[in-house]
Each structure stands twice: as structure tokens, then as C-alpha cells.
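For the single chain, residues carry numbers from 1 onward in sequence order. Atoms considered below: every heavy atom in the structure, side chains included; atoms not considered: hydrogens, waters and symmetry mates.
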Amino acid sequence: MKDTHLPTVQVLRDEIEHHLTYSMGKDARHASVYDWRMALSLAIRDRVVAPWFAATRKTWETGAKRVYYLSMEFLIGRMLEDAAINLGIRDTCREALEALGLDYEAVVENEPDAALGNGGLGRLAACYMESMASLGCPGYGYGIRYEHGLFKQKFEAGRQVELPEDWLRQRHPWEFERPESVYEIGFKGTVEMVDGRAVWTPGETVLAEACDMPIVGWEGKWANTLRLWSAKPTEQFDLARFNHGDYAAAAEPEALARTLSRVLYPDDTTYAGKELRLKQEFFLTSAALQDILRRHLAAELALEDLPDHVAIQMNDTHPAIAGPELVRLLMDVHGMEFEAAIDITVKCLGYTNHTLLPEALERWATYLMGTVLPRHMQIIEKIDSWHRAAHPGRPDYVGIVKHQEVRMGELAFITAHKVNGVSALHTELIRENLFPQLNRLHPGRIINQTNGITPRRWLRMANPALSHLITETIGAGWEADLDRLRALEPYIEDAGFLDQFMAAKRVNKEHLAHWIAQNQGITVSPDAMFDVQIKRLHEYKRQLLNILQTIGEWHEMRDNPQADYQPRVKIFGGKAAPGYVAAKQIIRLIKDVAEVINNDPAIGDRLKIVYPANYNVSMAERLIPAADLSEQISTAGKEASGTGNMKFALNGALTIGTLDGANVEIREQVGAENFFLFGLTAPEVTARREDPEHARHAILESQMLQDVLQMIAEGRFSPEEPGRYHDLVHTMWNSDYFLVASDFEAYRAAQKEVDAAFANRASWAKMAALNTARMGFFSSDRAIAGYMRDIWETRSAL
Ligand code: F58
């Protein structure tokens with residue numbers, strides 16, 4: 001199926017010009033970068049269509065099992081280069097554009113990020129879609145085509161300000177509208193029993209209309225579909241009202257329906273508990289399930305055989321209404337009995353848990369569930385009592401409906417045949433702390449699938465310099481078999497190789513330094529260590545620990561200016577949820593500290609702090625290849641896995657980190673001697689919290705931390721408003737739930753080790769290269785192969 005007829009530069013150039021003329025309606029003399037980018041995208045897209053059709057045809061013909069990945073978020077980022085690389089035509093694209101007198105980078109940069117996700121969970125879904133296509137696993141992603149993705153962040157006087165995101169203001173060249181694929185989605189209304197069967201008459205309905213994006217895998221051997229749903233009104237525009245002059249009312253049903261797919265909820269940890277969010281979740285899930293059943297029946301297959309042909313993965317509990325909805329469709333629409341329906345449902349569904357944070361666990365008030373989805377509320381009660389009856393040993397406090405709430409975690413657990421965590425440690429904690437009783441009732445249901453990242457985007461595309469070196473050293477093809485990076489290991493004794501390895505890093509650092517100068521107006525030296533923490537802002541991720549240590553470092557430099565310091569650039573990136581006051585204060589503190597330190601003549605180039613606004617996927621692609629040090633410093637037990645941690649290590653950054661999430665496995669893989677470990681372990685964190693005075697005690701044991709907090713409290717970084725951080729300092733002394741104080745000295749000591757290690761560039765180079773060589777395990781291909789084997793019970797169709 002591989003397209004061996006790769007286009008020549010001339011052919012591609014003709015195709016681009018053709019699209020410029022006939023798709024964009026532009027003359028080359030008046031075309032903007034946008035027009036050229038669209039023309040190039042459409043030319044590339046044309047080449048995705050053949051493998052896409054071929055894959056679809058083969059799936060139908062062979063009756064292969066399909067995987068359906070249901071997710072409220074797909075953080076896909078830019079698509080142009082990704083597709084070009086997987087089709088093997090990136091260089092041809094570059095040359096074709098150059099032949100047309102255009103700058104390839106400028107064209108690529110013109111593409112807005114598709115930011116249909118918050119953070120790790122959404123990005124994971126995007127990596128998994130790419131790996132499913134690369135492995136030839138027939139599948140669909142199902143999501144929502146949000147009109148507005150994650151908000152844009154800007155800073156005003158150091159404060160985060162949110163602006164709406166509107167990626168669809170320009171045409172999105174990667175999608176195909178499917179107005180014929182449309183389903184009715186109901187809400188509210190009443191349920192009646194008619195001849196012993198439930199009949200739900202919704203009080204509101206909207207339409208879900210499909211829009212497809214092809215996702216092409218490595219070497220264009222296979223392509224799957226990401227199907228995103230837009231909400232449309234069931235009733236057309238009210239012409240009668242319009243004719244009466246009531247223009248707003250005439251447009252009302254349309255506007256109301258569309259709100260369902262209008263905006264992505266910007267919270268990355270706390271669930272919103274809002275009616276609109278519940279409706280969005282049901283909208284996605286019901287549209288997906290109706291589509292799945294339609295496809296199954298179109299193949300003239302029996303519904304009883306659904307589990308042989310269909311595997312449905314719930315990306316966290318957001319689509320967990322899938323259990324009750326599938327039972328409803330099988331019973332109320334297709335006439336099945338409850339026992340048969342729930343049996344099929346459990347066999348089809350899998351549930352991935354991404355968090356243990358209590359504030360992130362979805363619980364819907366029963367009155368809300370009963371109002372918005374009255375029939376589902378009945379089915380949920382039914383599933384709960386069915387489960388209770390099947391497990392007489394189930395303790396009273398265990399169950400789906402408790403204290404007038406529907407617990408979506410329990411619902412997802414009970415309606416799925418496999419429940420997985422996303423790192424070894426996280427899975428252990430799910431078994432022990434989150435679902436201990438359900439685990440006892442269903443031994444073997446909870447399994448681990450450690451997260452992964454796609455090496456095509458996160459190494460091949462983002463880091464051309466290192467990719468070339470790897471191909472030169474170990475030959476082509478490692479992109480699809482990342483364990484082959486181990487073949488680099490013998491070369492770490494080769495000084496020539498290490499020089500080239502560090503030269504690649506150097507190129508990336510120079511590019512980044514240039515970008516920082518242009519965009520932030522800050523001059524940084526590529527000789528300095530680039531120390532990077534990029535992720536959503538959250539107290540558990542402890543950006544605060546990082547900035548407190550940075551202040552401490554600065555304090556030391558001022559006290560002892562003659563000592564030998566390793567110059568560092570501290571780079572931060574990340575957004576805070578709009579309503580998360582504590583996280584926003586931490587951003588402001590980092591910005592305030594940056595102002596002071598960056599302008600301190602006594603410090604010069606030795607310490608700089610950079611925090612560019614609007615961290616997103618494409619910024620990550622720029623920062624990660626240029627990093628020397630990766631900050632993965634969450635409170636142990638809180639970060640389910642992390643995936644940024646994997647991207648950095650793969651690109652030859654060393655990690656400073658706690659024993660949390662996938663850090664544990666990264667350290668095992670790369671070797672403890674190539675990882676800067678510090679901090680309390682998960683059990684130690686629990687024990688430490690037993691002491692209600694842990695924060696005060698830890699602070700009193702660290703003179704440095706006392707000094708740092710004192711400086712903040714005195715307004716050294718906010719002279720115009722000395723009290724700005726009183727609350728923050730007060731919280732540090734009196735509660736410090738995430739144990740910043742308790743880990744402070746250990747973190748400082750680890751940072752000293754980092755300095756010492758960086759001072760010896762030759763041994764640093766070895767450690768960095770070993771990180772790259774040993775990160776093969778974290779390919780999302782390995783992760784997806786695990787899901788296929790252990791959860792979906794499906795095979796590659798290649
Ligand atoms: C993240 N969760 C985990 N949730 O925090 C991270 O450790 C893990 O690596 C990643 O999932 C992938 O498994 C996460 O990103 C969200 O963003 C949700 C959005 C919707 C509300 C609840 C949180």
C-alpha cells in the first residue's frame with residue numbers, strides 16, 4: 001500500500017501552483033503566505049487520500065476489528081509538516097517552495113495550532129492517533145470540533161490574560177465535511193413505559209454533524225480518521241419570526257444548539273460540574289456510538305457480535321456516559337434485554353484513568369443527571385443494582401450512585417472490561433487508593449499501559465539536527481522501531497560522535513536563543529544551561545519550587561559574586577486555568593522575579609528567566625530540542641505519568657525529577673546515574689502530611705528558604721505592591737499541601753549536582769546521549785501495541 005511514487009520537486013511544485021490557482025483562486029503575484037500554505041497543505045492532503053481510501057477499503061473487506069478512541073480532547077497542533085514527514089516528502093516540499101521563491105519555515109509557521117485540548121491528556125490522544133495509523137490499527141478518533149480551542153494567553157504587567165482562540169477563522173485544510181453523517185442527540189424530557197419498554201421523549205434535540213480529518217501514519221502505509229462533531233440546530237432558522245422583525249429570536253435556536261461545540265472547557269484538573277459540560281460529554285458520546293452501531297449494521301453484522309468487531313476506549317471518564325448510552329441504544333432502540341446489553345457493553349468498553357486528584361474526579365449531582373439525561377439516570381441505577389446483586393460482597397460505601405452523586409470513575413470501571421493507568425506507579429496507586437474494593441471484586445481488570453509519545457513528531461520533526469545524526473550513525477528506520485536507538489550506545493565512547501551530538505544540541509539552542517531575542521527581547525547565551533519547565537500551571541507540578549530555588553540561587557550569587565557559577569537560562573511555559581487563582585499568582589511571581597533578576601547588573605549573563613506567553617504544541621517543538629535540563633518536579637503521587645518528561649529525555653535533556661509518574665520508569669531505562677533524583681517518595685509524602693506542622697518545620701530547617709520567603713514577603717519582587725505575595729507566603733508557612741518546603745533543600749542539592757555535572761561538558765554529553773539511546777521504550781508505538789494486545793484484542797491490518 002506504500003506509495004512508492006514519491007513526487008519530484010517539479011511535480012509537487014505544479015500541484016502547489018494548481019491549488020493556488022484553482023482552490024485558493026489566487027494569482028502567484030498576489031498570493032500571501034497564507035495562500036501558499038493552503039496550497040501546499042492541499043497538495044499534501046491529496047497524497048493522504050489514496051492510503052486513506054485503501055485503509056478504509058481493506059478494513060471493510062477483511063472485516064477487521066476497529067478501535068474507537070473517544071476523547072473530549074485532541075491536542076493535535078500543526079498538521080502540515082507531520083503529514084509531509086510521514087509521507088516522506090518534507091524535503092521535497094521545502095525544495096518545491098524554494099523553487100517558487102518562498103521560505104519553507106515561514107510557510108510552516110503560518111499554520112495555527114489546532115488546540116482542541118488542555119494538556120497531557122489531549123496530546124496523548126493525538127500521539128495515539130498517529131501511532132494507530134503508523135501501526136496499521138484500524139481505528140477512529142471521536143471528538144468535538146470546538147469552534148474555540150484552548151484560550152490564548154498573554155501577559156499584562158506580569159499577569160495572565162486570556163483571549164479567545166479562533167483557529168477556524170481561516171479555513172482548516174485538513175478536514176472534510178460530512179453533512180450526510182448526522183445524528184440527533186437528545187436532552188431532558190420524559191421517560192414513559194410503553195408495553196414494558198422505556199420510551200424517552202427528549203425535551204431538546206441538536207444535531208451532531210461529522211467532520212473528518214485523515215491521520216496518516218509513518219511512510220503513508222495506513223491512514224485513519226479523526227471524526228469531530230459539530231453541533232447544529234434541528235430546527236432551521238425561524239423565518240416567520242424573522243419576517244416579524246424579531247431577528248434575534250429568529251436566530252436563537254441556531255445559536256443555542258451551536259453553544260454545544262462552541263468552546264473547550266479550559267480546566268485541566270478540576271472538573272467543571274456544569275450542565276453544558278455534561279451535555280458536551282453526552283453529545284460526543286452519543287454521536288460516536290450511533291455512528292459505530294450504524295457502521296456495524298451496515299456491514300450486516302449482528303449486534304450480539306459487536307465485541308468481535310468493536311473496541312471503544314474512554315479517554316478518562318469524560319465519555320463515561322458511553323456505558324449507559326450503549327445499553328440504552330441496545331435496549332430501547334434495538335430491543336435487547338438488559339443482561340445482554342450490559343454484557344456486550346462491558347466487552348466493548350475500556351477505560352483509561354489519567355488522574356488521582358480528587359478535584360478532577362467527575363461526579364454529577366443525580367438531580368442534574370436526572371434532568372439532563374433522565375433515561376440514562378434510570379440505566380445508571382439499573383447498572384448499579386445489577387453490579388451490587390452480582391457481587392454480594394460489595395461494601396455499602398462502594399457503588400456508582402452515592403450521596404446524591406453519580407461517580408463517573410465507578411461507572412466507567414464497572415462498565416469496562418479493562419481499566420488502565422498510565423504509568424507503573426500510577427496504576428499501583430489506582431489499585432491501592434482509588435479503586436481498592438472494585439479491584440478486589442474484579443482482579444485483573446486494572447492493568448498498566450505506560451504512556452508514550454510519537455517519535456515522528458517529537459524527534460524526527462522537531463529535531464532535524466539530531467535526527468540526521470541518528471540516521472547517519474545507526475541507519476534509517478528508527479522512527480518506526482525506537483528501540484533501535486540502543487544501537488547508539490556504543491558510540492558514547494566515541495568523542496567524534498559526542499561532539500556531533502552536542503553540536504546538534506547547540507544548533508537547536510542557537511535557534512531558540514535567536515527566537516527568544518526576537519520575541520522576548522531577552523539576550524541569552526547558547527553556552528548557558530537551558531533549564532526548562534513547560535506544562536500547565538498547577539500547584540502539584542510545583543513551578544513554585546523551581547522559582548523559589550531560582551531566587552535562592554540569585555541570592556547566593558549576590559552574596560558571593562566571585563564564586564564559579566554555571567550560567568543558566570530558566571525557561572518557563574504554561575497556562576493557568578482562568579479561575580485558578582493560586583496558579584495565576586505563581587505565574588505573576590515568576591514574571592516579577594524575572595523582571596528583577598534579568599535587570600540585575602550584578603548578575604549579568606549568569607542567570608536569566610524567560611517565560612514566553614501562550615505555550616502550546618508548536619512552542620514545545622521549539623523548546624524541547626534545545627533543552628539541557630528537564631524539570632519534572634511534581635509532588636510524588638500526583639502526576640499520573642507525564643509525557644513532556646519523555647519528550648525531553650528522548651531529545652537528550654537530562655531530567656531533574658521526583659519519583660513520580662513515568663519519571664520512575666524513565667530513570668530505570670536511562671540509568672539512575674543519568675538522572676537527577678530528589679525528593680520525598682509517594683509513601684513519604686503521605687507520612688509527611690501526618691505532621692500538621694510539616695511546612696513550618698521544613699522552613700525552620702532551611703535558612704535559605706527562610707531568606708527567600710522573607711524577600712518575597714518584603715516585596716523585593718513587587719516593590720510597587722509589597723503585600724502582593726503575602727497570601728502565598730502565608731500558605732507556604734501554614735499549609736503547603738504540595739510539600740514545596742519539605743522538598744526544597746533536596747531540590748537545591750540536586751540542582752548543585754546538576755551544576756557540577758554540567759561543568760564537565762564531556763561527561764554531560766555522554767549522559768545526554770545515553771538518555772536519547774535508552775528512551776525507545778517510550779514510543780507511543782509500544783504503548784499502542786500494548787493497548788491492542790491487552791485491551792482491544794486486535795491486530796495490525798498491514
Ligand atoms: C494528564 N491529565 C496527567 N488531564 O496529568 C498526566 O500526568 C498524564 O501524562 C496525561 O494526562 C496523559 O495520561 C490531563 O491532562 C486533563 O487535562 C483533564 C481535562 C478535563 C478536566 C480534567 C482534567
Using a distance-only test with no angle check, is there a side-chain donor-acceptor pair under 3.5 angstrom linking [X] and [Y]?
X: Tyr787; Y: Asn420; answer: yes
X: Asp592; Y: Ser718; answer: no
X: His694; Y: Asp736; answer: no
X: Gln751; Y: Glu753; answer: no
X: Asn118; Y: Glu73; answer: yes
X: Tyr747; Y: Glu631; answer: yes

Within 45° cone and under 6.0 Å: [X] NZ/CZ vs [Y] ring:
X: Lys638; Y: Tyr540; result: no
X: Arg542; Y: Phe738; result: no
X: Lys575; Y: Phe151; result: yes
X: Arg159; Y: Phe155; result: no
X: Arg568; Y: Phe530; result: no

| said: Using salt bridge (charged side-chain N to carboxylate O under 4.0 Å, His left out), reason through Arg456 and Asp781 one step at a time and then give a plain yes or no. | reply: CA-CA 10 Å; Arg456 273 75 64 181; Asp781 296 348; 2.8 Å; yes

| task | May I ask you to check whether Phe717 and Trp554 place their ring centres under 6.0 Å from each other? | result | yes

| field | Pair His538 and Tyr580, ring centroids less than 6.0 Å apart | value | yes

| message | Suppose we screen for ring-ring contact (aromatic ring centres under 6.0 Å, His included). Which residues come up paired with Tyr615, at least two apart in sequence or across chains? | response | none

